Amino acid sequence: MRLLIVEDEVDLADALARGLRREGYAVDVAHDGPEAVDRLTTVAYDLVCLDLNLPSADGIELCRRIRTDPAYRPGEEAEVPRVLMLTARDAVEDRVAGLDEGADDYLVKPYSFAEVSARVRSLLRRDAGRSSAELVVGPLRLDTARFEAWRGDRPLDLTAKEFALLRYFMTHPGEVMSQERLLEHVWDEHADPFTNTVRVTVGTLRRKVQPDGEDPLIETIVGRGYRLLDDGAAA
Ligand code: CA
């Protein structure tokens, strides 16, 4: 999952980014309005943590654009990112305005990281149409809160990146995902698009979820990308 933090307070933005990266999300940071617009119109984010009070932009207006302006939906799947509004203003009318303009949820500063983390998890699950912390696809189970995954009864020993990749596959079961799309949603801006990092990570993940002798779950579709089989059946 690829996240954008829009926050002008650098220390706050960095702390949030560090925490969310530890949870396996790919995180970019924008410190002002123009930087945020630049990112939002070039990268297809799954979720935006948006500070309402920016010196160089109106957070409510930015939120409205994210929801309504097609230029803010780049990428092949063109989905509207979830918006978690972070605000120091606790006036009721500001929250209402934020929600009216399409924020999916909000937190009033000062917030704890645990709160942000829980809201982010909840919003990304809502995206996948699920209501518990657990994702289930075929024989695969993934606990997004505890960072654990299983195939049947067998726990999977995954790296943070493999976990993030499996989580992304499991929120889009049955969809063919190009290398570009995986790179965009599971890696951050520091990933080199010309390396074979996606192929390598899919390879190591696949060896863990489908060792020799077990039915394949992640399919390669030549020339198009990869797909997690959604019925868990053998290809
Ligand atoms: Ca601010």
Side-chain angles (χ1 to χ4, degrees), residues 1-75 78-127 144-145 160 164 167-168 171 184-191:
M1 299 294 183
R2 181 87 173 259
L3 276 49
L4 178 67
I5 295 170
V6 184
E7 168 63 75
D8 58 297
E9 288 164 67
V10 174
D11 290 350
L12 207 55
D14 287 352
L16 197 51
R18 264 200 313 278
L20 290 168
R21 283 188 190 119
R22 267 200 305 271
E23 304 204 333
Y25 300 106
V27 182
D28 299 332
V29 177
H31 292 120
D32 59 39
E35 209 183 334
V37 171
D38 186 51
R39 295 237 177 268
L40 287 163
T41 52
T42 51
V43 176
Y45 290 100
D46 299 291
L47 182 143
V48 182
C49 296
L50 176 62
D51 176 24
L52 189 59
N53 192 11
L54 296 165
S56 55
D58 177 346
I60 301 263
E61 169 63 14
L62 197 53
C63 185
R64 196 183 63 75
R65 289 197 163 263
I66 290 170
R67 305 298 294 206
T68 59
D69 187 340
Y72 286 66
R73 248 163 283 155
E79 284 167 9
V80 177
R82 296 280 152 176
V83 177
L84 173 59
M85 213 167 238
L86 304 174
T87 174
R89 304 181 201 167
D90 54 3
V92 171
E93 51 271 33
D94 286 332
R95 302 188 201 179
V96 170
L99 293 170
D100 279 350
E101 291 304 342
D104 296 285
D105 203 351
Y106 66 87
L107 277 173
V108 175
K109 296 177 186 174
Y111 48 75
S112 72
F113 179 74
E115 273 182 296
V116 178
S117 166
R119 299 289 174 100
V120 164
R121 258 200 316 277
S122 156
L123 288 173
L124 292 173
R125 274 201 307 274
R126 212 184 292 176
D127 224 15
T144 59
R167 177 169 58 194
Y168 192 67
T171 52
E184 182 157 50
H185 287 273
V186 182
W187 279 264
D188 62 18
E189 60 188 319
H190 305 297

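We count ligands from 1, going down the list as the structure has it; atoms in each ligand are counted the same way. All values derive from a computational prediction rather than experimental measurement.
- Taking 4.5 Å as the limit, every side-chain heavy atom of Asp46 sits out of range of all side-chain heavy atoms of Arg82.
- Remark: Asp69 pairs with Arg65 by the salt bridge (Lys or Arg N to Asp or Glu O under 4.0 Å) rule, at least two apart or across chains.
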Exercise answer: donor-acceptor pairs, residues 14-24 side-chain atoms, under 3.5 Å, sequence neighbours excluded:
from: Arg21; atom 1: NH2; to: Val27; atom 2: O; distance (Å): 2.9
from: Glu23; atom 1: OE1; to: Ser117; atom 2: OG; distance (Å): 2.8
from: Glu23; atom 1: OE2; to: Ser117; atom 2: OG; distance (Å): 3.3

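- Side-chain contact check for Leu124 versus Tyr25: some heavy-atom pair is nearer than 4.5 Å.
- For the Ca ion (ligand 1), protein N, O or S atoms under 3.0 Å: 3 in total.
- Two residues are said to be in side-chain contact when any heavy atoms from C-beta on lie closer than 4.5 Å; Tyr72 and Val37 meet this criterion.
- Checked against salt bridge (Lys or Arg N to Asp or Glu O under 4.0 Å), Asp28 has the following partners two or more places apart in sequence or in another chain: Arg2.
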